[in-house]
Amino acid sequence: MKLQLALDLVNIPEGIALVKEVESYIDIVEIGTPIIINEGLHAVKAMKEAYPNLQVLADLKIMDAGGYEIMKAAEAGADLITVLGASNDMTIKGAVEEAKKQNKEVLVDMINVPNLEQRAREVDALGVDYICVHTGYDLQAVGQSPFEDLKTIKAAVKNAKTAVAGGIKLDTLPEVIKAQPDLVIVGGGITGQADKAAVASEMQRLVKQG
């Protein structure tokens, strides 16, 4: 099980400074969609140059032109790139094909996918590396969590690894770990804490003991 830190509401220098506090306790650093919208793929390049030993995920949420967008993210140094589960099969296939050429990984984000179980099976058959259940900010605000969705995905997926994102904090992490995802994605549960290193360290301990 791996721990991914999601950075969403920072600029490049702030992001690099934040990762410095928790670098020892995370496996992957995510350059979130808001940062990519504000800063472009330069943010991915800057993070990879600052922390070459960490994997960097570019949260592009690709919806079309899968192969091309994977290629551009790979050029910027991304190790993993996100594609939306709601996108067309051809888009996902194009993304997977290009990612294999570039020796990168594709994470399919199932945010807002209506028939989760069926789509998870379909996406799994397309050769993606990760399938991620994701409760977005707007649904977290009304009290939804990704835990039940994770169980659904775990039961449906046979080939891909599974990931979970959406409001995970230290006190809810044990519940997530019980469902045995391969990747746990945490944003504000680390970035919003006063002692980020202490929280990240404890999260890493729990994740590694599974």
Side-chain angles (χ1 to χ4, degrees), residues 1-10 15 18-19 22 25-37 55-63 78 80-87 92 105-121 123-124 128-157 160-193 196 199-200 202-208 210:
M1 210 180 294
K2 288 182 174 180
L3 181 62
Q4 176 171 310
L5 173 69
L7 299 177
D8 285 317
L9 304 175
V10 292
L18 200 156
V19 172
V22 299
Y25 311 115
I26 62 173
D27 303 291
I28 301 169
V29 57
E30 169 187 332
I31 305 299
T33 315
I35 302 179
I36 290 174
I37 287 170
Q55 286 192 297
V56 176
L57 177 139
D59 191 16
L60 294 189
K61 292 192 173 75
I62 294 169
M63 192 69 175
L80 303 96
I81 304 102
T82 64
V83 180
L84 290 178
S87 65
I92 297 174
E105 292 187 303
V106 169
L107 180 145
V108 171
D109 186 336
M110 302 294 275
I111 192 168
N112 295 340
V113 166
N115 189 336
L116 201 57
E117 188 175 349
Q118 181 189 330
R119 189 60 179 147
R121 286 203 178 95
V123 168
D124 193 30
V128 306
D129 299 286
Y130 286 92
I131 297 176
C132 178
V133 292
H134 183 185
T135 303
Y137 282 121
D138 298 336
L139 285 179
Q140 286 174 45
V142 293
Q144 284 201 27
S145 84
F147 307 139
E148 286 309 311
D149 288 346
L150 176 58
K151 289 175 191 163
T152 302
I153 289 265
K154 284 292 291 186
V157 169
K161 289 174 274 196
T162 55
V164 58
I168 298 166
K169 298 191 165 48
L170 190 53
D171 60 346
T172 56
L173 184 58
E175 190 182 348
V176 176
I177 288 169
K178 267 186 218 158
Q180 291 291 294
D182 299 287
L183 176 61
V184 177
I185 302 168
V186 180
I190 292 173
T191 62
Q193 307 308 306
K196 296 172 186 56
V199 174
E202 180 60 12
M203 283 189 165
Q204 177 71 281
R205 187 185 72 75
L206 292 170
V207 160
K208 290 308 174 200

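Here, residue 1 is the first one in the sequence, and each next residue gets the next number.
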Under the side-chain contact (heavy atoms from CB on, under 4.5 Å) criterion, do Leu183 and Ile28 qualify, and how do the steps go? CA-CA 9 Å; Leu183 176 61; Ile28 301 169; 3.8 Å; yes
Using the rule given for side-chain contact (heavy atoms from CB on, under 4.5 Å), can you reason through Val199 versus Glu202, listing the C-alpha separation, both sets of side-chain angles and the distance that settles it, and then say yes or no? CA-CA 5 Å; Val199 174; Glu202 180 60 12; 6.0 Å; no
To check you understand the geometry: which heavy-atom pair defines the closest contact between Val113 and Arg119, and what is its length? CG1-CB, 3.5 Å
With sequence neighbours excluded, what pairs up with Ala160 under the side chain to side chain contact (heavy atoms under 4.5 Å, CB included) test? Asp124, Val128, Ile131, Val157
Roughly how far, to the nearest 0.5 Å, is the CD1 atom of Ile111 from the OG1 atom of Thr33? 8.5 Å
Value rounded to 0.5 Å, distance of CD1 in Ile26 from NZ in Lys2: 12.0 Å
Heavy-atom nearest pair, Lys154 first then Gln180, reads NZ-O, 2.7 Å
Looking at CZ of Arg121 and CD1 of Ile153, how far apart are the two atoms once the value is rounded to the nearest 0.5 Å? 10.5 Å
Name all residues meeting the side chain to side chain contact (heavy atoms under 4.5 Å, CB included) criterion together with Thr191; count only those two or more places apart in sequence or in a different chain, and write none if there are none. Leu5, Leu7, Leu18
Spatial distance of atom CG (Leu116) from atom NZ (Lys151) [nearest 0.5 Å]: 14.0 Å
Ala6: what forms a side chain to side chain contact (heavy atoms under 4.5 Å, CB included) with it, not counting sequence neighbours? Asp8, Glu30, Ile185
How far apart are the closest heavy atoms of Leu170 and Leu206, and which atoms are they? CD1-CD1, 4.0 Å
Testing the basics here: between Met63 and Ser87, what is the closest heavy-atom pair and its distance to 0.1 Å? O-CB, 3.6 Å
Could you check if a side-chain atom of Gln4 sits within less than 4.5 angstrom of a side-chain atom of Gln55, using non-hydrogen atoms only? no
Tell me every residue that passes salt bridge (Lys or Arg N to Asp or Glu O under 4.0 Å) with Lys61, counting only those two or more places apart in sequence or in another chain. Asp59
Could you check whether any side-chain N or O of Thr82 sits under 3.5 Å from a backbone N or O of Leu60, counting only pairs where one atom can act as donor and the other as acceptor? yes
So do the side chains of Lys208 and Asp27 get within less than 4.5 Å of each other, counting heavy atoms only? yes
With sequence neighbours excluded, tell me which residues meet side chain to side chain contact (heavy atoms under 4.5 Å, CB included) with Asp182. Tyr130, Lys161, Thr162
Atom of Val164, atom of Val176 and distance for their closest heavy-atom approach: CG1-CG1, 3.5 Å
Calculate, to the nearest 0.5 Å, the distance between atoms CZ and CG belonging to Arg205 and Leu3 respectively. 13.0 Å
Atom of Met1, atom of Val184 and distance for their closest heavy-atom approach: SD-CG2, 4.0 Å
Side chain proximity check, Leu80 to Asp129, heavy atoms < 4.5 angstrom: no
side-chain contact (heavy atoms from CB on, under 4.5 Å) evaluation trace for Leu84 with Asn112: CA-CA 9 Å; Leu84 290 178; Asn112 295 340; over 6 Å; no
Residues in salt bridge (Lys or Arg N to Asp or Glu O under 4.0 Å) contact with Lys178, at least two apart in sequence or another chain: none
Measure the spacing between CD1 of Ile31 and CD1 of Ile36 and express it to the nearest 0.5 Å. 7.0 Å
